[in-house]
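No experiment lies behind these values; they were computed from the predicted model shown. Each chain gets a letter, A, B and so on, in the order its sequence line appears, and its residues count up from 1.
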Amino acid sequence: MTNFATFSDACYGFAFTPFGKCGMAKSEQGIFSLTFPSDEESVRVELQRKFPNVKFYRNDDEMEKMVYFIFQKNEYPALALYGTNFQLSVWEALQKIPFGSTVSYEDVAKSMGFPKAVRAVAHAVACNPVAFLVPCHRVVRKNGGLGGFRWGMERKISMLKWEKENLHL
DNA sequence: ATAAAGGCCACCC
DNA sequence: GGGTGGCCTTTAT
């Protein structure tokens, strides 16, 4: 990590998205985690491991509100990303990919000025802490394949499909 | 300090 | 279709 969390309290909780139940965490600085976990306990454990000095308070209402803004009103709340410089620039590049379109891993590498760092990019994309909002699902293989997805290929497919159907947002 | 493993890509059979 | 070598970062020895 090269940049660190500066907050000491955060809330986390669970809410339903068009792609299933998500776990989310946010501080006053913004959302810093959005995952699709298999069980609730692992979310808290994982958050506490990544942010050992932070106190987490559960608040599902707050997360449901966030989900409503994101998926119903298409209003994106602030994000707060923590990672290495390389990861941060990859995640930044991902946020520039337009809604409903896709790019290749190589495209991302090129846009960052490291055309040959494809594998490093793929790895950083896979480490995306904030599903959907940092649109890692919009990165696919150049050869036509879809690549992989940390939270299940099926979910990546339905995200891309959902965006195509909701372009009017 | 070194090694191994990536949500990859291009090139060659 | 398949195998191989190269690319750069992260993580684990």
Side-chain angles (χ1 to χ4, degrees), chain A residues 1-7 10 14 16-25 27 29-54 56 67 70-71 76 79-167:
Chain A
M1 297 275 256
T2 52
N3 71 336
F4 295 92
T6 58
F7 54 89
F14 303 87
F16 284 91
T17 74
F19 316 109
K21 182 162 122 179
C22 76
M24 194 188 298
S27 73
Q29 302 177 0
I31 293 177
F32 58 90
S33 172
L34 202 177
T35 59
F36 292 95
S38 48
D39 67 294
E40 297 194 350
E41 185 56 23
S42 65
V43 172
R44 174 176 252 290
V45 171
E46 192 57 19
L47 286 171
Q48 204 54 254
R49 190 181 65 79
K50 280 174 90 172
F51 302 95
N53 301 318
V54 173
F56 286 96
V67 166
I70 296 164
F71 296 102
Y76 284 46
L79 298 184
L81 301 174
Y82 307 98
T84 64
N85 289 331
F86 185 79
Q87 289 172 331
L88 290 174
S89 48
V90 170
W91 299 338
E92 213 166 293
L94 296 188
Q95 294 180 68
K96 297 198 179 112
I97 309 169
F99 190 97
S101 65
T102 59
V103 301
S104 72
Y105 291 88
E106 191 184 36
D107 290 334
V108 177
K110 275 186 187 156
S111 76
M112 294 172 46
F114 295 94
K116 290 174 218 148
V118 220
R119 300 193 69 163
V121 165
H123 195 252
V125 170
C127 293
N128 172 29
V130 187
F132 192 83
L133 296 177
V134 173
C136 60
H137 57 282
R138 295 183 197 143
V139 191
V140 298
R141 275 196 178 229
K142 201 169 195 181
N143 65 11
L146 278 177
F149 195 64
R150 216 166 119 204
W151 298 288
M153 279 310 296
E154 199 178 297
R155 188 126 41 202
K156 183 169 185 173
I157 292 166
S158 59
M159 281 183 180
L160 293 170
K161 182 162 167 257
W162 184 86
E163 291 197 352
K164 287 228 154 89
E165 292 167 352
N166 291 277
L167 281 175

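Checking V140(A) against A120(A), the closest nucleotide of DNA chain B that is more toward the 5' end is the one next to A120(A). Both F114(A) and V118(A) sit near DNA chain C, but only V118(A) has its closest nucleotide nearer the 5' end.
Here F32(A) and F7(A) bring their ring centres to under 6.0 angstrom of each other.
Looking only at distances, a side-chain donor or acceptor of N3(A) sits under 3.5 Å from a matching main-chain atom of G83(A). A donor-acceptor distance shorter than 3.5 angstrom exists from the side chain of K156(A) to the backbone of L146(A), with no hydrogens or angles considered. For the pair R150(A) (side chain) and N128(A) (backbone), a donor-acceptor distance under 3.5 Å is present.
When DNA chain C is scanned in the 5' to 3' direction for atoms under 4.0 Å from non-hydrogen atoms of chain A, the outermost contacting nucleotides are dG6(C) to dT10(C).
In this structure, E106(A) places its CD atom 9 Å from C1' of dA10(B), rounding to the nearest Å. Atom CG in D107(A) sits roughly 12 Å away from atom C1' in dC9(B) (whole-Å rounding). The separation between L160(A) atom CG and dG7(B) atom C1' is 13 Å, rounded to whole Å. One interatomic measurement links the two molecules: CZ of F86(A) to P of dG6(B), which rounds to 17 Å at whole-angstrom precision. Atom NE2 in H123(A) sits about 16 Å away from atom P in dC9(B), given to the nearest Å. Remark: C1' of dG7(B) and CZ of F36(A) are 16 Å apart, rounded to the nearest angstrom. Taking atom CG of residue N143(A) and atom C1' of nucleotide dC11(B), one finds them 14 Å apart after rounding to whole Å.
Within 4.0 Å (heavy atoms only), A126(A) reaches at least one base atom of the nucleic acid. Looking at heavy-atom distances under 4.0 Å, Y105(A) makes contact with a base. In this structure, C127(A) reaches neither bases nor backbone, as no heavy-atom distance under 4.0 Å exists between it and the strands shown. Using a 4.0 Å heavy-atom distance criterion, V121(A) is classed as making no nucleic acid contact. Contact annotation for G148(A): base contact, defined as any heavy-atom pair under 4.0 Å involving a base atom.
Classification of the F19(A)-W162(A) ring pair by plane angle, with boundaries at 30° and 60°, yields perpendicular.
Under the 3.5 Å distance criterion, with hydrogens and angles disregarded, a donor-acceptor pair is assigned to the side chains of Y82(A) and Q29(A).
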May I have the step-by-step check of side chain to side chain contact (heavy atoms under 4.5 Å, CB included) for V134(A) and Q95(A), ending in yes or no? CA-CA 6 Å; V134(A) 173; Q95(A) 294 180 68; 4.2 Å; yes
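The pairing partner recorded for dG6(C) is dC8(B), the criterion being a Watson-Crick or G-U wobble arrangement whose two distances lie under 3.5 angstrom.
You won't find any donor-acceptor pair under 3.5 Å spanning the side chain of R150(A) and the base of dG7(B), going by distance alone.
In this structure, the nucleotide among dC8(B), dA10(B), dG7(B) sitting nearest to the side chain of R119(A) is dC8(B).
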